[in-house]
Structures are given as structure tokens and as C-alpha cells.
Protein chains: 2
Amino acid sequence: MEKERLNTARTITIYDIAAEAGVSASTVSRVLTGSASVRKEKKEKIQKIIEKYNFKPNALAKGLSDTATKNIGIIAADVRNPYYSALFVSCEIAAEKAGYSVGLVNSLGFSEREKNELDVLLQQRVDAIIQMGGSVDDLITDDSYAEKIRGICDNTPVIVTGKLDKTPAHSVVIDESRAMNLVMEHLIGLGHKKIALVGGEMRVASTFNKYKMYQEILRKYGIEERGEYVVNGTYDPETGYDATNKILSLDDRPTAIIAINDFAASGALRSIREHKLYIPEDISVVSFDNTYIADLTVPKLTSVDYDYVAYGELLIDTAIRAAEGKEVEKIQKIDPRLVLRESSGPCKE
Amino acid sequence: MEKERLNTARTITIYDIAAEAGVSASTVSRVLTGSASVRKEKKEKIQKIIEKYNFKPNALAKGLSDTATKNIGIIAADVRNPYYSALFVSCEIAAEKAGYSVGLVNSLGFSEREKNELDVLLQQRVDAIIQMGGSVDDLITDDSYAEKIRGICDNTPVIVTGKLDKTPAHSVVIDESRAMNLVMEHLIGLGHKKIALVGGEMRVASTFNKYKMYQEILRKYGIEERGEYVVNGTYDPETGYDATNKILSLDDRPTAIIAINDFAASGALRSIREHKLYIPEDISVVSFDNTYIADLTVPKLTSVDYDYVAYGELLIDTAIRAAEGKEVEKIQKIDPRLVLRESSGPCKE
DNA sequence: GTGAAAGCGCTAACAA
DNA sequence: TTGTTAGCGCTTTCAC
């Protein structure tokens, strides 16, 4: 069956270039890849013709014959979350610098999507897969997921921003304990003792690890943990709002609230405002992720930053080195740092 | 009588499946694509083997031999902007439904990147390109860009969320005039007459069109336009903050502020708060885009929504139809609608 | 330094 | 219905 071509312009190939230059396709390929030396005059002639037609070699054919596609697949939980979009963009920039390109798919919280997307990326023969969030966030790794990843790792390296037990996947994670440590030391240094924790689910490793450190620091300073000061939920403004409402209805209110991320913090801000309390005079708020949200709320949020640029670079660097068969550490950690803004201040009590 | 083979390292191909099923590769291809009928028993046997090995055909080889890759390239200005991420995700979902997959790259405000990314997508042989923001936002189309697009359209359809003069690109745009119309009628209906406009650049078509409608509505109601009520800038919170500061320093303050987007609105909110004014009692704020930011500020923002799901679907539908050589309208418009929240109220003056 | 030829994994035209 | 045979556009031995 004749496939109807909507265009007349034939795509030009390496053979067209070769013909016009009076050389073989192999020679053109050589100047394209720089894989072998070509006599200077021929090389220049070929380059001129390539330029003239603005010829771009077909990446599909290249990937087929070559072993590498110079493509890295990224599965993000949801790029609409500024945490992921920031990370993705810095990955994109880092990859570009290294001569790679990235592709993005979103798992959107469905593990079925996630597995399916792994297959799609595999079909596209990406050189490595980076998974940001999703199943790799689980405190307890899902068995069927681990199984799937194990099968993939034989051929394609997988880098995750979390952990994947019993798999050869490489891990580049934020040091969550350190992150919480920074926050707690900051608040306690400001004189706070009644500190609440808002949002997040304990089945998520990063949240669980933060909670562990929260407890540890409380113990360190001899502060008793109060169950009613820890209100879990999800990671959105609603959770922050509802949880904070609950906490502020307590007789003995906390003087500081730690929100699991900037979204939850924005909800906390709303609740606090509605209770006619002032930030940070009456109550301090600190959160994690330091997305642009932290900079746009009133007041601006003190938040834990991860240096997204360095994070993205490390992710891509790890992916490329693994793809090229180099030695790569199994686990690498990102060091967080606290960005002070307007939402945290001395305890007045 | 199945030979158990462990294919850990080697990727399995259509030939392996064929060999094991005792048929030719073409037959396997036929059941894979459904392009021709295959005897039921053979078909089932083949499917069983495919299942067994969890075989996934190489998309590169497929794209190379086929005319279509079932891949749509998307160039976004910056996916960190929730406007683009929302649009991208709904494109992704719509594409998936139609059996296509999407790839995302960010131009990040550099027209060089933009052109380069077009080349990369072309090399990847995407079936269509959707460009969201960037050069296609320009009121006056850049010549060299138009030239480039013209060259591309011969082979690959281009869909833009803006306009591209003198090119065969298809356009799916928000009806900006209508958007501003909704906002102005809303405010005037609430009794506002002193209405300011904050943020945005006039070289951007969407901003310019909004401004034109702003003027038109003022005229319609016999309200004189005041130059000092229109403060341009960019599209970020800083601009909204600075511009609002300027406006609130005026002797005759406006009773309503229209921000060019939710980011700028968040800056306006901060400025207003610092001036100890109340929203919406003292001053109303309305913005465009209805991103999640509108829902997380205090107060929540009245903002113009574009139905991102429908927008994404229309974009993808247009791309696919164009890719398949079907007839497609040159320009299609997205109808905006106003989402009322807490930031707008009756004029008290 | 260069070309011929084989092949990457798949689809499709043509026979049978 | 099915197999054979050409490619798709590029890279890469292997000779020369």
C-alpha cells in the first residue's frame, strides 16, 4: 500500500552527501562521528556539503546500528510538582552538556504506568533510565517492581532518587536525615521546643527518615515527643491546611511547624493566618524542597534546598558513567542546606 | 518442546520469536502490528512466546523501516512553569490514549536552543512537533525562526500555541481577548472602574492582545485609560511586586489589579499585604492561567482557566491528524473561563 | 586513508 | 495465509 506522503521534500541521507562529495558513505560517516581520520580536503568538502543541506543524520538509524542512542530516559512521578520539574530541567541541561539528550515520562502515581513506561523507554533503547519518585520512594520496595528493575538492569543501568532493595539499581538520594537535622537544630537554636510535624506518609522512605531524625533530635534535647504534634497526610496544600487546623485547635499549641514540603507549608500558612496568628512572631514554619513556592508565599518560607543543579548533574553523570560501563558507586547522597527566609524566628514563649 | 534459553545479556528480536514459533519474521511482525491476518493457532503461539520473553520490538528499527515513529516532540518554553507542566502532562495523557508517545525539551528562553531542539526532534524523526511558548509567543515573528519552521513543515507538521506568520504551522491558541474580556466584565460588574494592569511584555502577543482588550473594554464603559495604571515587566513574582508597589504609591490608587499571570499576582499580593491593605475589601486581584498557585496563595486567586485537559487533547489531536495527513484547521482557539476565588470582590469606593 | 559489504531489527512489497 | 526479499540510514569491520 502506498503510504501517502504529505510532503515532496525527500529527506537527505548520508549517501546523498557522499555522492555529491564524490566519496563513499563510510567516509561521510567518519567525518560525522570522528571515528577515524579522513584526509583534510575531503573532510572539509564533506563538511561544506553537510552545512549546505543542513543535513542531520537520522538518530534512529544511528541508534540501530550503534550500540548507544545517547538518550537517557527519565521517569518522574509528576513534573507538575516543582521539585521534579526543577530536577528534570537541570538533568536536561547537564545531559546536553555531555552530548546526551533526555526524554521525560510521568508515572502520575500509578505503578502500572510506571512499569509500562519502563518498557517504552526500553523499546526506545535509551542508554540509561533515571527514575525520580514513584515506587522508588516506597519505604518497602514493591516486589514485582524490584523484579522488573532487576530484569532491566542486565541491559540498561537504572538510577533512582530513592532506594530499590535487592536490585542492582544505583541510588542518588537526598540525605533526608541531614535535612531534618538542619531544620530541627535551626528551630531549637531559636528556642523552640514545641515543634509539630505536618504532612507526608510514613510509607514513603524520605518522610519516614525525616521522622526518625525528628525523634532523634527531640531525644537529644530531652524533649518529649507528643503524638498530637505529628499529623500525617499527603503532600499538598490541603493536607497542610487540615493538619495545621487540627494542631492549632490543641490547648497547648506548638511554637513551630515543620511542613513536609512547600505545598503543605502553604496550607499551613493559610490555616495560621485564619487563626489570626502571625508568622514568625507567634509561630514559625519551616519546610522542605525549597521550590519557587517558598519564595512566593507571604511570608516567604524558610526551606531546605538540595541544590537542584548539582543534583541533576550528579544524576546524569551517574547515568552516563553507568551507561558507559564505568564503575559507579551504589549509593550517593545529596547534601541539603537550609535557606533562611521570613517564616522562621525566635520562640517568644 | 520448548528450548529454555536464558537471554540475560542479548536482546531478543523478532527473529528469535519467529524461530521458536517455527514461522518467519514477517509473520511475527504481522501479529505485532496487526497489519495482516495470521492463522489463529500460529497467532496464539506467537503471542505466547512474545509474552514468555516479554519481548518488546525495537522502536528504533520500527521507526526506521516504517514511515512513522508514533512519537510527538514537544518544545516547551520552561516546564518549571506550571502552565507548561499542566499542558505537557495533559498532552502526554492524550497522546498515550491515541497510541503515541511524547518527548519534551525546554527552550528556556534561548532561541538558539529552540532551533537546535527542532533539529534534534527532527533527527529523532518525530511525527509532529508541538511548540508551546518561546518564539511562537512573539508578537512579531522572528524571520530566521519562521524560515526554519517553513523548512520543517515540508516534512513534519508543526503545531504552535501561538502564531507564526508566513509559515504553514498550525495554531492552537488561547483566546486572549476573550480571557481579558471575562476579567474586565467581572471587575466592572463588581463596580470597579480604577483597574490596573500588572506585568507582561508588549512584545509578547498574548500580553499585547490582552492589553488591546483591556483598552477596548475601558472605552466601552467610557472609562479613561490611565498610563500609570499599566506597568509592564516580566512574568514573575518580582515584577508583580515591584509594579504593584509603584501603583500603590500613586495618590489615586486603583481598586483592582489584573496580573498577567498567577506568578505576578503572587507578587502583587505581597505588595498589597505590605501596604496593609486587605484583599478583596480594599483592592481586588485577578490573574490569568489558573495554575495551582492560584489555589495556594492567601487569599486564593480569582484566575482565568483554560481547561488544560481539553487544551492538551486538542493539541495532540491536531498533531496526530496533521501527522496522518488529514485536513486540519489552520487556527483553533481555546475558550477561557473565569474561576472565582477569594481575591476579587465588590468595589467599596 | 578509503570503499565495499555486512548488519542493526523491523516492515512491506511481491510471490507463492 | 505465509515466506522471501528488499530496504529504512547509519556504523563498522575488513580489505586494499
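Convention: sequence-line order gives letters A, B, ...; per-chain numbering from 1. Computed from a predicted model, the values in this text were never measured in an experiment.
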Inset, instruction - Compute the angle between the rotation axes at the two ends of the helix from C/dG1-D/dC16 to C/dA16-D/dT1, each taken over five pairs, rounded to 10 degrees. - result: 40°
Inset, instruction - Select from B/Ser24 and B/Arg125 the residue whose nearest nucleotide in DNA chain D is closer to the 5' end of that strand. - result: B/Ser24
Inset, instruction - Would you jot down, in residue-number order, the residues of residues 33-48 of chain B having a non-hydrogen atom under 4.0 Å from DNA chain C? - result: B/Thr33
Legend entry - Member of A/Leu32, A/Val31, A/Ile12 meeting the side-chain contact (heavy atoms from CB on, under 4.5 Å) criterion with A/Ile17: A/Ile12
Inset, instruction - Using salt bridge (charged side-chain N to carboxylate O under 4.0 Å, His left out) as the criterion, list what pairs up with B/Asp142, not counting sequence neighbours. - result: none
Legend entry - Test item: B/Glu92 side-chain N/O and B/Val102 main-chain N/O as donor-acceptor pair under 3.5 Å: no
Inset, instruction - Give a yes/no on whether any side-chain N or O of A/Thr27 is located under 4.0 angstrom from OP1 or OP2 of C/dG1. - result: no
Legend entry - Length of the CD1-P vector between A/Ile12 and D/dC10, whole Å: 9 Å
Legend entry - Euclidean distance, atom CZ of residue A/Phe55 to atom P of D/dG9 [Å, nearest integer]: 10 Å
Inset, instruction - Using a strict cut-off of less than 4.0 Å between a Lys/Arg side-chain nitrogen and an Asp/Glu carboxylate oxygen, indicate whether B/Asp138 and B/Lys163 qualify as a salt bridge. - result: no
Legend entry - Test item: A/Thr167 side-chain N/O and A/Arg150 main-chain N/O as donor-acceptor pair under 3.5 Å: no
For a quick test of your reading: what N or O donor-acceptor pairs under 3.5 Å do the side chains of residues 55-62 of chain A make, sequence neighbours left out?
unit_1	atom_1	unit_2	atom_2	d
A/Asn58	OD1	A/Leu60	N	2.6
A/Asn58	OD1	A/Ala61	N	3.2

Inset, instruction - Ignoring backbone atoms, establish whether A/Ser29 has a side-chain N or O less than 4.0 Å from OP1 or OP2 of D/dT12. - result: no
Inset, instruction - Using modelled atom types only, decide if a donor and an acceptor are shared between the side chain of B/Thr27 and the backbone of B/Val23 within a distance under 3.5 Å. - result: no
Could you go over nucleotides 6-8 of chain D and give all protein N or O partners under 3.5 Å, atom names and distances?
unit_1	atom_1	unit_2	atom_2	d
D/dC8	O2	B/Ser65	N	3.2

Legend entry - Derivation and outcome, side-chain contact (heavy atoms from CB on, under 4.5 Å), residues B/Lys52 and B/Glu20: CA-CA 11 Å; B/Lys52 171 180 161 195; B/Glu20 186 159 336; 2.8 Å; yes
Protein-nucleic acid N or O pairs under 3.5 Å, nucleotides 13-16 of chain D:
none

Inset, instruction - To the nearest Å, give me how far apart CD1 (B/Ile14) and P (C/dA12) are. - result: 11 Å
Inset, instruction - Side-chain contact test, heavy atoms from C-beta onward, threshold under 4.5 Å: evaluate it for A/Val79 versus A/Leu104 and give yes or no. - result: yes
Inset, instruction - Please tell me if the side chains of B/Glu147 and B/Lys166 come closer than 4.5 Å, counting only heavy atoms from C-beta onward. - result: no
Legend entry - SB check B/Arg321 B/Glu327 (cutoff 4.0 Å): no
Inset, instruction - Give B/Val23 one of three labels, base, sugar-phosphate or nothing, depending on what nucleic acid heavy atoms sit under 4.0 Å from its own. - result: sugar-phosphate
Legend entry - B/Arg80 side chain reached by B/Leu108 side chain, heavy atoms, under 4.5 Å: yes
Legend entry - Main-chain N/O of A/Ser29 paired with A/Thr33 side-chain donor or acceptor, under 3.5 Å: yes
